[in-house]
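Start at 1 and go down the list; that is how both ligands and their atoms are numbered. Counting begins at 1 with the first residue of the sequence.
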Amino acid sequence: MTDFHYSVDSDGVATITWDIQGKSMNVLSMEGLAELEAHIDTALSDEAVKGVIITSAKADFAGGMDLNVIARMKEMAGDQPEKGLFDGIMSMHRCLRKIERAGMDPKTLKGGKPVVAALPGTALGIGLEIPLACHRIIAAENPKAKIGLPEIMVGIFPGAGGTTRLARKLGAMGAAPFLLEGKLSDPKKAKSAGLIDEVVPADDLMTRAKEWVLGAKDADLVKPWDAKGYKMPGGAPYHPAGFMTFVGASAMINGKTQGVYPAAKALLSAVYEGAQVPFDTALKIEARWFVHVLMNPSSGAMIRSLFINKEALEKGANRPQVADEKVRKLGVLGAGMMGAGIAYVAANAGIDVVLIDAQQAAAEKGKGYAEGVLDKGIKRGKLSEAKKAEVLGRITPTTDYDALASCDLVIEAVFEDPKVKAEVTTKAETVLPDDAIFATNTSTLPISDLAKASARPGQFIGIHFFSPVDKMLLVEIIKGRETGDRAVAKALDFVRQIRKTPIVVNDARFFYANRCIIPYLNEGMRMVREGVAPALVENAAKLMGMPLGPLQLVDETSLDLGAKIAKATRVAMGDSYADGDVDEVVFWMVEQGRLGRKSAAGFYTYDDKGKRQGLWQGIADKFPKSDDQPDLITVQHRLMFAQALEAVRALEEGVLEDIREGDVGAILGWGFAPWSGGPFSWLDMLGPEFAVSVCDDLEARFGARFSAPELLRQMAKTGRGFYANRESAAA
Ligand code: NAD
């Protein structure tokens, strides 16, 4: 297999063209790197070659390193993984350094061959690190192209010299948004930020690259950091200005990540330490920190869940083998908060929508929601008036069910009341075509029960969105007892059209996501009732990488909703209901009128504008703080195991069929500590034996809800984790 082609023209300009067969986007593999290096060697040793253009035959330059390779680098690195990884990374540095030095005399800095990167489109990750080692980067005028180093988003950092080169090129401050936030820019913005050197019309790209190669002088090939007297822009760490930058950056990173994301810290260390030594030593330091990050199980788990498996689910990993079920026209019943959101995301994805409510004004109001979101986009310069008109033109607000006659999918988002839901199901099915699929967005009612109102339960399914619909990336698809394959395929194809991530689960109380979130919220409130300091509860959660502490999350979702769910669950579960302690807190808060953010009073206080302030001290009057506060780890274990064990039970009971969905769903659905890769990845990191020993301890101290599920106990006997079992089952 060849990933790169090599040719030399009559003027002595060699062109190395990246063009991986059978793929729409170039990604770098280890084999590809070796090929690139061999072509560079050929060009540098061939006297007839005056200079080199590195480009791509595709619309884009490259999407980055093959993430499968990164996720497996540690496993492939042999018995001494640190050494194997370090050697592998250093060989990458050697190749890129060869491009950068291009045969020049290291003393006189003369005699090198010019190497230019010509980027037709997107250049991400290693796709920008290679150009950064070239002597000039020219990009085609292509507003769709994205240029940047997004590695930090996958739990690693640019480890092929991109960190060291960009920090030296732009200074720590200038490089910070690109390195620490993974900011991506179009070519014009990338040029003004100093990321690349030139932007030319697409048709002129290769001509201009060649012209530059033929006109380049020795001095054009010397990177600032290889020239005498180089000083880091904005100052190195011991310069007064540099000192300020690094102190500020360190505080900012720790504030944002709470120290749970190893990559951000390692990146900053690589820049800080690298800035104080010569360039080649800095690359070695970068390599050491990169190994440090790759050795941390977090990076592999994040890549696996957030990229490889997320993408697999989006592409239909669990889609039944039936023909294309793309949605042509969608009916939405109920134009409230959820219905309006669903109508907007569908119209935005190019689908025609009939938006029905009981009153015309309510239906219009639902459409107005889409208008509001679109207006915000226009204000931020992301959208044109024409696009807004186009999207709004797709939404027809009405009270007339006959308008559903040409819909192939209907999603109901009316009140959470089985009677109302049954009524709209019948009304819709009377006019819908025979093969249409009917979906419910219920968050608590069993799908199989709601399906009883349907004349065709095989075409009845749950499509559960999260609020706010336009921001939340996950959609939970729920199969009722009688739901057929075509309904599942329809739901999956729809989720794909609106560019969200689906998980498919079976019907059981609270499905998957809510089933796991509720124990987290409950455990937080239970601790408050026991007299654990609310600040300890909240901070323990955040220090584990949960985006919101349980009490804040209760405030966001509202205490009256909590009370409503508690009452319904109590009725459904009868004597086995075990959350009486939690209800004491919930009902008391509701009695005080503290319903959460919506009433500007909850576990937190809020100012006049509704902005969250500190924790409400009044809670201590009812539930006084105990003198004996638990240690941090105990609080963290209670909060994390409350969620993770519920995920395991969902798997054990067959609600979840695939741990990949459990992990991806947990991160996207309720923000389960993303650094961990999800609850199953987290338990794998702990190891089943240790996890069971924690369960036993928690069960003895706090009750049966922490009892280790049988599945976990079995795994503790073999010492093999969820993913190891999954892989051996697949092999
Ligand atoms: P909402 O009260 O904001 O909206 C419900 C809408 O349905 C109202 O506009 C109402 O006028 C309309 N409606 C009621 N009866 C109707 C009928 N017979 N015909 C047509 N329209 C009718 O409620 P919501 O928060 O949007 O929730 C809707 C559904 O989505 C519920 O089943 C809820 O459980 C579920 N859900 C809500 C959330 C959330 O966070 N709010 C999240 C996931 C799922």
Ring centroid separation F722 to W682 under 6.0 Å: no
Geometric N/O contact H464 with ligand 1, under 3.5 angstrom: no
Within-cut-off N or O pair, M337 and ligand 1, under 3.5 Å: yes
Validation row, ring centre F641 to ring centre F706 under 6.0 Å: no
Ligand 1 versus A362: contacting region, heavy-atom distance under 4.0 Å: neither
Atom 42 (C) of ligand 1: nearest protein contact (heavy atom, Å): M338 CE, 3.5 Å
Protein heavy atom at shortest distance from atom 40 (O) of ligand 1: S467 CB, 3.3 Å
Protein heavy-atom partner closest to atom 28 (C) of ligand 1 - residue, atom, separation in Å: A413 O, 3.2 Å
Geometric class of the F465/F494 ring pair [parallel <30°, tilted 30-60°, perpendicular >60°]: perpendicular
Numbered atoms and elements of ligand 1 in range of K421, under 4.0 angstrom, heavy atoms: 31 (C), 32 (O)
Nitrogen or oxygen atoms of F466 and ligand 1 under 3.5 Å apart: no
Face-on cation placement of R529 at F623 ring, 6.0 Å and 45° thresholds: no
Exam field: side chain D663 to backbone F680, donor-acceptor pair closer than 3.5 Å: yes
Nearest heavy-atom neighbours spanning Y606 and G610: CD2-O, 3.5 Å
Contact partition for V424 relative to ligand 1, non-hydrogen atoms under 4.0 Å: side chain
Among V420, D357, I356, I411, closest by any non-hydrogen atom to atom 10 (C) of ligand 1: D357
Numbered atoms and elements of ligand 1 in range of Y401, under 4.0 angstrom, heavy atoms: 19 (N), 20 (C)
Donor + acceptor pair across side chains of T444, E416 (<3.5 Å): yes
Identity and separation of the nearest protein heavy atom to atom 2 (O) of ligand 1: F415 CE2, 3.5 Å
Nearest protein heavy atom under 4.0 Å from atom 23 (O) of ligand 1, yes or no: no
Residue and atom name of the nearest protein heavy atom (relative to atom 30 (O) of ligand 1), distance in Å to one decimal: N441 ND2, 3.0 Å
Y512-N506 side chain donor-acceptor pair, cut-off 3.5 Å: no
Aromatic plane relationship, F466 with H464 - under 30° parallel, 30 to 60° tilted, over 60° perpendicular: tilted
Closest contact, heavy atoms only, L639 versus A540: CD1-CB, 4.5 Å
Atom indices of ligand 1, in the order listed, that fall short of 4.0 Å to a heavy atom of T442: 32 (O)
Atom 6 (C) of ligand 1: nearest protein contact (heavy atom, Å): G336 N, 3.7 Å
Close approach of Q359 to ligand 1, heavy atoms, under 4.0 angstrom: no
Minimum-distance protein heavy atom relative to atom 29 (C) of ligand 1: V414 O, 3.4 Å
Residues E429 and S454: side-chain donor-acceptor under 3.5 angstrom: yes
Protein residue, atom and distance nearest to atom 32 (O) of ligand 1, heavy-atom basis: E416 OE1, 2.5 Å
Per-atom contacts of ligand 1 with A358, taking only distances under 4.0 Å to non-hydrogen atoms: 20 (C), 21 (N)
Side-chain donor-acceptor pair present, E661, N318, cut-off under 3.5 Å: yes
